[in-house]
Amino acid sequence: MSVPIDAGGAHELRLEGLGRQFGAVRALDSVDLVLRAGEVHALMGENGAGKSTLIRCLAGLERPDAGRILLDGLPLPSGHPAAVRAAGLRFIHQELHAVRGLSVAENMFLDHPYPRRAGLVNWRAVNRAAQAALSRLGVDDLDPRQPMTGLGPGDQMIARIAGTLIDEGGAPPWLYVMDEPTAALTGAESERLFAVIGEMIAAGAGVLYVSHRMPEVLRLSDRVTVLRDGRHISTRPLGETGQERIIHEMTGRDLSALFPPRDALQHGDTVLGVRGLAAPGIRDVSFDLRAGEILGVVGLAGAGQGALLRALIGAAPRRGMVTLDGQPLSATPAGAWAQGLAYVPPERRSQGLMLGRSITENVALPHLERMARGRFFLNRRQQARRTGDLGAKVRLKAATLSQGCSQLSGGNQQKVLFARALAGAPRVLLLDEPTRGVDIGAKSDLYRLIRQLADDGVAVLLASSDLPEVLGLADRIAVMQEGRLTHLKENSGMTEASLLASFYDSGDAA
Ligand SMILES: Nc1ncnc2c1ncn2[C@@H]1O[C@H](COP(=O)(O)OP(=O)(O)O)[C@@H](O)[C@H]1O
Ligand SMILES: [Mg+2]
């Protein structure tokens, strides 16, 4: 059973001079914008640009303190989510707010009236409608009756997206507003969502789409609006803009300025020597990494990039020879860390950060054991000062260092992990997808930091699926195929296309 979408007419939502102030922060500053049925309108901007505030104002969850919102020329009631829904708007908000103790179906129905029979909630109909909505997203293995809190973040997001697809029988929705819906989704789940967005547009509805992921935006949108510091910078048809222009408008900087300049390739002695390394997912890998060098590691997904880093840090059993400054490298994470090998893992939420703990704790905790062993124990004030110094070095933007890491943006969470790695004054820095899910401003900060560390003599191994990032940062690039290192080249004259081609050809270096 599928849920029909019928947008029912050419509606238009007009934002005029919309403003919202939080203390000293002007989250929205006199924003004008028109949203129409029948098109995907992307809303772009760095973290803190005001996107979610704009969406919460639309939803009636936040009252604007200036301007107005007109639906087909009539004021949309402000501060009344139910009235906004009745006007045909549906929202997928950025924060996950699963209600504990309620089932998946009950969470999906939070904003909807329950189907009833003879005055009683018709639970069979509730679960059937939930199942039908999930099916539209291609999800048939989620039981609508199971508790929502048992689900991972990806499945919770799927359930919330499906919740907007429930047919209430009233006026059909004509505008779907999605705030970073794919942030927690897998590639396949995202594709299902894009297919549903296609159906929405075909049925005449509109979509306001917020995402950091440029390829999604370039693929899905008809028009693109850029916000910066709460201000409306531009709204353009996709054909009149593109990645470079959007980045320029989001940041006020050029794409070429995103990457710090690389000096003439003057590198020091070999810091990390790898010979005949074998481990789960990699075979016979050999290379040298020199002081001051950034070596990019690329390949198709799962070709061994992450496995190589995990083997080096001692997180997986390995054979072969690894040396750091000529000494055999310890095969345990604690030993490798003590020798000066630092690692920033790819999944910061699950592998890296203790989200419930403060910034200071996240930066200092892994070091305390080592400090204690050296009869050198920092007191709280010293810890905080050291964290403050490191925070400044990585350009961390946080209200206080005692702030919990769960409240930070993705970019700032990643900066906390960098600060932790730097607290050990590493000789070698292993980075696995260091800017995934990070906004462009924080990316630029991290790129400058990585180059600065290399200039200070740190040897950097950068595993990344972001090819412009590798081409912009790396001095040399290693390509992996099926666990082997097949190419190792100076980064000059290479393009994304030639790099991609090397993922498939048989290679010439080892
Ligand atoms: N409830 C709030 N209280 C105080 N400041 C807020 C609140 N909501 C948002 N802000 C601030 O408003 C600005 C815009 O935030 P937001 O709309 O979440 O940006 P985006 O979604 O583009 O990342 C940020 O500086 C943010 O810290
Ligand atoms: Mg947001």
Side-chain angles (χ1 to χ4, degrees), residues 15 17-33 35 41-67 69 78-79 81 91-97 153 156-157 160-161 176-185 207-214 216-217 221 224-235 246-253 349 359 391 395-416 435-446:
L15 286 62
L18 208 66
R20 181 71 169 98
Q21 183 101 12
F22 295 106
V25 176
R26 193 176 286 275
L28 290 177
D29 188 355
S30 195
V31 171
D32 295 329
L33 190 63
L35 304 172
H41 194 131
L43 184 61
M44 305 285 291
E46 295 189 274
N47 271 331
K51 306 178 297 290
S52 295
T53 303
L54 183 147
I55 286 171
R56 287 199 307 273
C57 286
L58 283 183
L61 296 172
E62 197 95 77
R63 275 178 197 274
D65 45 33
I69 303 171
S78 149
F91 294 85
I92 302 164
H93 292 289
Q94 187 170 16
E95 282 76 33
L96 287 167
H97 286 303
Q156 289 194 23
M157 184 52 94
R160 285 199 319 149
I161 296 170
Y176 294 86
V177 179
M178 308 183 181
D179 197 350
E180 308 213 22
T182 56
L185 300 189
V207 173
L208 179 64
Y209 191 81
V210 176
S211 170
H212 280 312
R213 300 182 180 177
M214 192 67 76
E216 289 179 4
V217 167
S221 35
V224 181
T225 286
V226 175
L227 295 183
R228 184 166 81 226
D229 297 331
R231 283 191 302 273
H232 177 267
I233 302 296
S234 70
T235 296
I246 293 170
I247 290 176
H248 179 80
E249 291 177 345
M250 281 168 61
T251 60
R253 289 184 291 270
R349 289 184 156 266
I359 293 168
R395 298 182 188 219
L396 184 65
K397 294 192 188 85
T400 73
L401 296 175
S402 52
Q403 192 177 347
C405 284
S406 58
Q407 296 158 23
L408 297 175
S409 68
N412 279 308
Q413 288 180 349
Q414 196 66 348
K415 288 175 177 181
V416 170
T435 66
R436 184 191 281 164
V438 164
D439 69 278
I440 202 84
K443 260 190 184 179
S444 156
D445 288 346
L446 290 172

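In this text the structure is predicted, and so the values were computed from the model without any measurement. Atoms within each ligand, like the ligands themselves, are counted from 1 in listed order. The chain is numbered in sequence order, starting from 1.
- Applying the side-chain hydrogen bond (donor to acceptor under 3.5 Å, both in side chains) rule to Thr53 yields no partners; only residues at least two apart in sequence or on another chain are considered.
- Thr235 places none of its side-chain heavy atoms less than 4.5 Å from the side chain of Asp32.
- Residues Ile55 and Gln94 fail the side-chain proximity criterion, which asks for heavy atoms closer than 4.5 Å.
- Judged purely by atom type and a 3.5 angstrom limit, Asn412 uses its side chain to pair as donor or acceptor with the backbone of Lys397.
- Put simply, the side chain of Ile161 does not reach to within 4.5 Å of the side chain of Tyr176, judged on heavy atoms.
- Qualifying side-chain hydrogen bond (donor to acceptor under 3.5 Å, both in side chains) partners for Thr435, counting only residues two or more places apart in sequence or in other chains: Glu469.
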*Step by step, would you call Leu15 with Leu58 a side chain to side chain contact (heavy atoms under 4.5 Å, CB included)?*
CA-CA 9 Å; Leu15 286 62; Leu58 283 183; 3.9 Å; yes

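- Of the possible polar contacts, none joining the Gln414 side chain to the Val416 backbone as a donor-acceptor pair under 3.5 Å is found.
- Only protein N, O or S atoms were scored, and 2 of them lie under 2.8 Å from the Mg ion (ligand 2).
- Between Met44 and the options Arg228, Met214, Lys51, Glu249, a side-chain contact (heavy atoms from CB on, under 4.5 Å) holds for only Met214.
- Residues lining ligand 1 at a heavy-atom distance below 4.0 Å are given as Phe22, Val25, Ala27, Glu46, Asn47, Gly48, Ala49, Gly50, Lys51, Ser52, Thr53, Arg56, ordered by chain and residue number.
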